[in-house]
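Each remark here refers to the structure printed beneath this line.
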Amino acid sequence: MPEGLEAEIWRRALTATVGRRITSAWVDHRVAPTEFVSVVTGLSVTAIRRAGKVVLIETDGPTIGLHFGMTGRVIVDGDAPIDRLEYASGRDRPEWDRLRLFTNGDGAVAAVRLNDPRRLGRVRLNPDTTGLGVDMFELSVTSLEDALKCRRIAIKTALLDQAVVAGLGNLCVDEMLWWGGIDPHRPAKSLDGDETKRLVDVVRRRLPIMLRRGGSTMGDLSPDVRAACPPCERDGHPLRRDMIAGRTAVWCPDHQH
DNA sequence: CGGCATGTTTCGCC
DNA sequence: AGGCGAAACATGCC
């Protein structure tokens, strides 16, 4: 579930906690620093930001960083802003909680829960975000050209690199390459100016649409499509699944080249 | 049961 | 030295 779009949706939901004071906290110590609870108890939330796929809860003290791994999700005041597909049965099981923050006036419901069955997500204090590339919502032709021009790796792999573009994940990358008509195997540096511009245009156009629809699973290459590889919506040619640098790429050999 | 999964980090090989 | 791919991580689901 979690790519930058999900992080953005959760960022917006978490703004409800701005101005509140963290009265108590609990974490699964396997995913958070040992001093976490003692450090954050008593802090006041001042702002919620996002850096790529990471949500940053800013306070009058240290910043709390939420990484979601493959299956993390956020529940704010008992309400999950995104509910879909994966782990659909018995979701939000309490034993999958990795973080609970309680704030003044909440009663028994945690203001913030990080629920993550697979436990690849992380809770960090003052996370280092300096290595991230340009944010996916601020992508420009020149920034992408600069980032791609020396790379021989597949364009798909380059776009997944958070140092190139921050926030795009496997689903969004396949979606953008599908819309842009670009073969995911192409070496990044082989894209010409027109193709790079086309890709940037597609990212600018499609990301807000997917955000409105509810996240990275709401593209035309939905998880169902990815699993079944039916004929391409655009030209009827069967979609293909290839492994590129360890990640599944779903694409249309007919209109992507 | 085997395989697969929206991510990141680490290791080892050029 | 640095770029790159594979493996590891951890667990649920089909």
Side-chain angles (χ1 to χ4, degrees), chain A residues 1-10 28-32 50-55 65-74 80-98 114-124 127-133 136 147-178 184-190 206-207 210-211 213-229 241-251:
Chain A
M1 169 145 354
E3 298 187 12
L5 288 177
E6 284 70 31
E8 177 60 19
I9 289 167
W10 292 324
D28 182 332
H29 286 291
R30 292 172 295 186
V31 305
R50 178 184 62 80
K53 300 174 184 173
V54 179
V55 167
L66 305 181
H67 294 239
F68 303 105
M70 297 279 264
T71 54
R73 75 186 79 231
V74 170
I82 303 173
D83 258 315
R84 259 195 60 84
L85 297 179
E86 218 80 281
Y87 307 102
S89 58
R91 77 172 53 255
D92 293 355
R93 282 157 57 174
E95 64 266 33
W96 294 340
D97 275 0
R98 308 301 168 202
L114 173 62
N115 187 263
D116 180 15
R118 234 170 114 183
R119 211 208 308 152
L120 291 173
R122 291 292 179 267
V123 177
R124 299 208 165 102
D128 178 15
T129 59
T130 53
L132 295 176
M136 59 180 185
L148 297 183
K149 66 184 172 195
C150 296
R151 312 295 298 273
R152 342 186 129 201
I153 54 175
I155 180 63
K156 177 196 172 61
T157 309
L159 293 174
L160 273 173
D161 184 345
Q162 299 300 292
V164 171
V165 185
L168 295 182
N170 206 29
L171 300 188
C172 277
V173 165
D174 282 1
E175 183 81 15
M176 300 309 155
L177 293 171
W178 184 83
H185 302 86
R186 289 263 306 279
K189 60 193 277 191
S190 76
R206 301 309 307 180
L207 271 188
M210 293 172 77
L211 181 62
R213 290 185 188 168
S216 55
T217 61
M218 306 303 279
D220 285 50
L221 298 182
S222 68
D224 289 347
V225 167
R226 298 178 65 85
C229 282
R241 307 175 50 153
D242 290 327
M243 209 59 120
I244 301 178
R247 308 302 301 275
T248 299
V250 174
W251 65 294

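Here is the naming used below: chain letters follow the sequence lines, and residue numbers restart at 1 for every chain. The analysis underlying the following values was restricted to heavy atoms, covering all of them including side chains, and did not include hydrogens, waters or symmetry mates.
Minimum atom distance to the side chain of A:Arg124 is reached by B:dT9, of the listed B:dT9, C:dC9, C:dG12. Closest approach to the A:Ile153 side chain among C:dG12, C:dC4, B:dG7 is made by C:dC4 (side chain taken as heavy atoms from C-beta onward). Checking B:dG7, B:dC4, C:dG12 against the side-chain heavy atoms of A:Arg241 singles out B:dC4 as nearest. Checked against B:dG7, B:dT8, B:dA5, the side chain of A:Glu3 finds its nearest nucleotide in B:dG7. Here B:dT8 is the nucleotide among C:dC4, B:dC4, B:dT8 with the atom lying nearest to any side-chain atom of A:Lys53. Closest to the side chain of A:Arg152, from the set B:dT8, C:dC4, C:dG12, is C:dC4. Of the candidate nucleotides C:dC4, B:dT8, B:dA5, B:dT8 has the atom lying nearest to any side-chain atom of A:Gln162.
If you take CD of A:Glu95 and P of C:dG12, they are 8 Å apart, rounded to a whole angstrom. Per the geometry, CG belonging to A:Asp161 stands 11 Å off C1' belonging to C:dC4, to the nearest Å. Atom C1' of nucleotide B:dT8 and atom CG of A:Leu66 are separated by 16 Å, given to the nearest angstrom. In this structure, NZ of A:Lys156 is placed 12 Å from C1' of B:dG7, rounded to the nearest angstrom. Taking atom CZ on A:Phe68 and atom P on B:dT8, their separation rounds to 11 Å, with Å as the unit. In this structure, CZ of A:Arg98 is placed 17 Å from P of C:dC9, rounded to the nearest angstrom. Put simply, CG on A:Leu120 is 6 Å from C1' on C:dC9, counting in whole angstrom units. In this entry the distance linking CE of A:Met243 with C1' of C:dG5 reads 12 Å, nearest Å.
A gap of 14 Å separates the P atoms of B:dC4 and C:dA6, to the nearest Å. Taking the P atom of each, C:dA7 and B:dG3 are spaced 14 Å apart, rounded to whole Å.
An OP1 or OP2 oxygen of B:dT8 is reached within less than 4.0 angstrom by no side-chain nitrogen or oxygen of A:Arg122. When the side-chain nitrogen and oxygen atoms of A:Thr71 are compared with OP1 and OP2 of C:dG12, none of them lie within a distance under 4.0 Å. Between A:Arg247 and B:dA5 there is no side-chain polar atom (N or O) within less than 4.0 angstrom of OP1 or OP2.
Under 3.5 Å, the side chains of A:Asp128 and A:Thr130 contain a donor-acceptor pair of N or O atoms.
Ion pairing between A:Asp220 and A:Arg213 holds under the 4.0 Å rule for side-chain N and carboxylate O.
For the side-chain contact (heavy atoms from CB on, under 4.5 Å) criterion with A:Asp174, the lone passing option out of A:Thr248, A:Val225, A:Leu168, A:Leu221 is A:Leu221.
Within the 3.5 Å criterion, the main-chain N or O of A:Arg73 finds no donor-acceptor partner in the side chain of A:Glu6.
The shortest heavy-atom contact between A:Glu3 and A:Lys53 is C-CG, 4.0 Å.
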